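Right, one structure below, let's go through it.
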Amino acid sequence: MSTSAEPIVPLHVAIIMDGNGRWANARGLPRTFGHRKGVETVRETVKAAREAGIGFLTLFAFSSENWRRPEAEINELFGLLKAFIRRDLAELHRANVRIRVIGDRATLKDDIRSLLLEAEERTAGNAGMTLVIAFNYGARDEIARAAARLAEEVRAGRLEPHEIDAQRINDSLDTAGIPDPDLVIRTSGEERLSNFLLWQAAYAELMFVPEFWPDFTPELFRAVLERFAARDRRFGGLSAKPMAAVGS
Ligand code: FPP
């Protein structure tokens, strides 16, 4: 197949997995059932992303604002992430997936911190898709932590204030070394970013789908990728930037 006939695949897709609670409520089930079903969708989506040739997949698993939820639901979400890593790490590793975690880890308990670190360290040498898990993540918090790090550098005399530019800020974020998302998807019909990758999504295409996250099938994902391929991205200029094509 010639290169020109291959669909344009986003290098980095980021997803706000919304609607687990409403999916469960609609079935008369507790919200936690929606989160559990949501983990199955996570598995299918990771697989579909790998098959599509996506380089980076970021999933918003727990926001710094989710602490406002009832304690039982918070515990469920933490438990599901831990179970996911314990159960799926070996398989993700075998599939050459690299795991990165973004978000504030300083305030997390030791058990989850060491599990996240283990997932990152064990898969650090993998060159397939990178799965970025945003956990205890909020973009404003991430930017504030980056600013504090840079301020420390200035105070230590290793950096001059005039040397702080967009690149330096970029390199101080949790996502350092990860390309900006080309596409941000949000499920459940809500149309906002909710403090997700605010810096990095500056030029991302945004796509909102009405289905709740547990109903987001690989087929729907592929349909969104097709819509993305049809979009004209200009990055403030006149012509589109080239992107990775399937198989490239
Ligand atoms: C939003 O739905 C979803 C979340 C806050 C959590 C998403 C978490 C998972 C899918 C499971 C754990 C993740 C991984 C990576 C294993 P909502 O509860 O806000 O839904 P609602 O808006 O209908 O209430």
Side-chain angles (χ1 to χ4, degrees), residues 13-50 54 56-93 95 97-105 108 111-113 115-120 123 129-139 141 174 178 181 184-197 208-218 220-221:
V13 177
I15 308 184
I16 302 174
M17 310 181 286
D18 198 10
N20 292 346
R22 277 165 286 165
W23 181 91
N25 285 343
R27 287 159 179 77
L29 298 167
R31 292 175 56 80
T32 47
F33 279 62
H35 295 314
R36 284 178 211 168
K37 185 77 171 57
V39 178
E40 288 172 31
T41 308
V42 165
R43 288 196 181 97
E44 288 169 2
T45 304
V46 169
K47 187 163 174 272
R50 286 179 40 233
I54 286 163
F56 297 80
L57 176 71
T58 299
L59 299 177
F60 203 178
F62 191 86
S63 86
S64 39
E65 285 72 37
N66 286 153
W67 291 106
R68 295 178 194 146
R69 296 189 176 204
E71 199 182 332
E73 185 170 340
I74 294 172
N75 290 340
E76 175 76 18
L77 287 168
F78 272 64
L80 286 175
L81 180 75
K82 285 194 260 184
F84 173 75
I85 291 182
R86 288 196 186 112
R87 202 183 127 180
D88 291 45
L89 181 58
E91 196 179 326
L92 290 167
H93 186 40
V97 172
R98 180 176 181 183
I99 295 176
R100 289 264 313 253
V101 181
I102 59 170
D104 185 10
R105 278 188 247 188
L108 296 178
D111 63 337
I112 190 148
R113 270 209 334 234
L115 200 59
L116 296 176
L117 193 65
E118 183 198 333
E120 286 184 316
T123 61
M129 187 180 81
T130 298
L131 172 63
V132 184
I133 301 174
F135 197 79
N136 198 21
Y137 176 86
D141 172 67
D174 297 347
I178 298 172
V184 175
I185 302 169
R186 181 171 188 150
T187 57
S188 91
E190 307 291 345
E191 301 193 353
R192 46 179 185 271
L193 282 178
S194 299
N195 204 13
F196 186 48
L197 301 176
F208 303 103
V209 297
E211 289 80 8
F212 296 138
W213 175 248
D215 290 330
F216 189 67
T217 58
L220 282 169
F221 190 20

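As a basis for the values below, the full set of heavy atoms in this structure was taken, side chains included, without hydrogen atoms, waters or symmetry mates. The shown structure was predicted, so the numbers you read here are calculated from the model rather than taken from an experiment. Numbering starts at 1 and runs along the sequence shown. We count ligands from 1, going down the list as the structure has it; atoms in each ligand are counted the same way.
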Given that the side chain starts at C-beta and the backbone is N, CA, C, O, which of these parts of [X] lies under 4.0 Å from ligand 1, counting heavy atoms, or is it both or neither?
X: Ile133; value: neither
X: Arg31; value: side chain
X: Leu59; value: neither
X: Thr41; value: neither

(message) Is it the case that ligand 1 has an N or O less than 3.5 angstrom from some N or O of Gly21?
(response)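 Indeed, backbone or side chain, Gly21 has an N or O that close.
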(request) Decide whether an N or O pair under 3.5 Å exists between Asp18 and ligand 1. (result)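 Yes, Asp18 has an N/O under 3.5 Å of an N/O on ligand 1.
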Closest approach of any protein heavy atom to [atom], naming residue and atom:
atom: atom 10 (C) of ligand 1; answer: Asn20 ND2, 3.5 Å
atom: atom 12 (C) of ligand 1; answer: Val39 CG2, 4.1 Å
atom: atom 1 (C) of ligand 1; answer: Met17 O, 3.0 Å
atom: atom 21 (P) of ligand 1; answer: Arg22 NE, 3.6 Å
atom: atom 15 (C) of ligand 1; answer: Ala61 CB, 4.0 Å

(request) Taking the side chain as every heavy atom from C-beta outward, state whether Arg192 and Ile16 have any pair of such atoms under 4.5 Å apart. (result)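 No. Closest side-chain heavy atoms not under 4.5 Å.
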(request) Report yes if some heavy atom in the side chain of Tyr137 is under 4.5 Å from a heavy atom in the side chain of Val101; otherwise report no. (result)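 Contact flag for Tyr137/Val101 side chains = no.
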(request) Test Trp23 against every option in His35, Lys37, Glu211, Arg31 by the side-chain contact (heavy atoms from CB on, under 4.5 Å) rule and name the one that passes. (result)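 Per the side-chain contact (heavy atoms from CB on, under 4.5 Å) rule, the option paired with Trp23 is Lys37, out of His35, Lys37, Glu211, Arg31.
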(message) Out of the candidates Leu108, Leu116, Ile102, Ile112, only one should pair with Asn136 under the side-chain contact (heavy atoms from CB on, under 4.5 Å) rule; please name it.
(response)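 In the set Leu108, Leu116, Ile102, Ile112, the residue that makes a side-chain contact (heavy atoms from CB on, under 4.5 Å) with Asn136 is Leu108.
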Is atom [atom1] of [X] surrounded by more than 12 heavy atoms (other residues, nucleotides or ligands) closer than 6.0 Å?
X: Arg105; atom1: CZ; result: yes
X: Lys47; atom1: NZ; result: no
X: Glu91; atom1: CD; result: no

Near [X], which atoms of ligand 1 are under 4.0 Å from a heavy atom of that residue?
X: Phe84; result: 16 (C)
X: His35; result: 18 (O)
X: Asn66; result: 5 (C)
X: Leu77; result: 6 (C), 8 (C)

(request) Would you mind checking if Arg69 and Glu76 are paired as a salt bridge, meaning a charged N to carboxylate O distance below 4.0 Å? (result)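 So Glu76 does not pair with Arg69 through a salt bridge.
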(message) Once rounded to the nearest 0.5 Å, what's the spacing between atom CG of Asp215 and atom OG1 of Thr41?
(response)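 Those atoms lie 7.5 Å apart.
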(message) I need the Ile185 CD1 to Met17 CE distance, nearest 0.5 Å.
(response)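 Nearest 0.5 Å value for the CD1-CE distance: 12.0 Å.
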(message) Parallel, tilted or perpendicular: which one describes the rings of Phe62 and Phe78, with boundaries at 30° and 60°?
(response)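 Judged by the thresholds at 30° and 60°, the geometry between Phe62 and Phe78 is perpendicular.
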(message) Less than 4.0 Å is my threshold; does some heavy atom of Gly19 fall inside it relative to ligand 1?
(response)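 Distance cut 4.0 Å: Gly19 passes for ligand 1.
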(request) Can you figure out which of Arg87, Glu190, Arg69 has its heavy atom closest to atom 17 (P) of ligand 1? (result)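 Heavy atom nearest to atom 17 (P) of ligand 1 belongs to Arg69.
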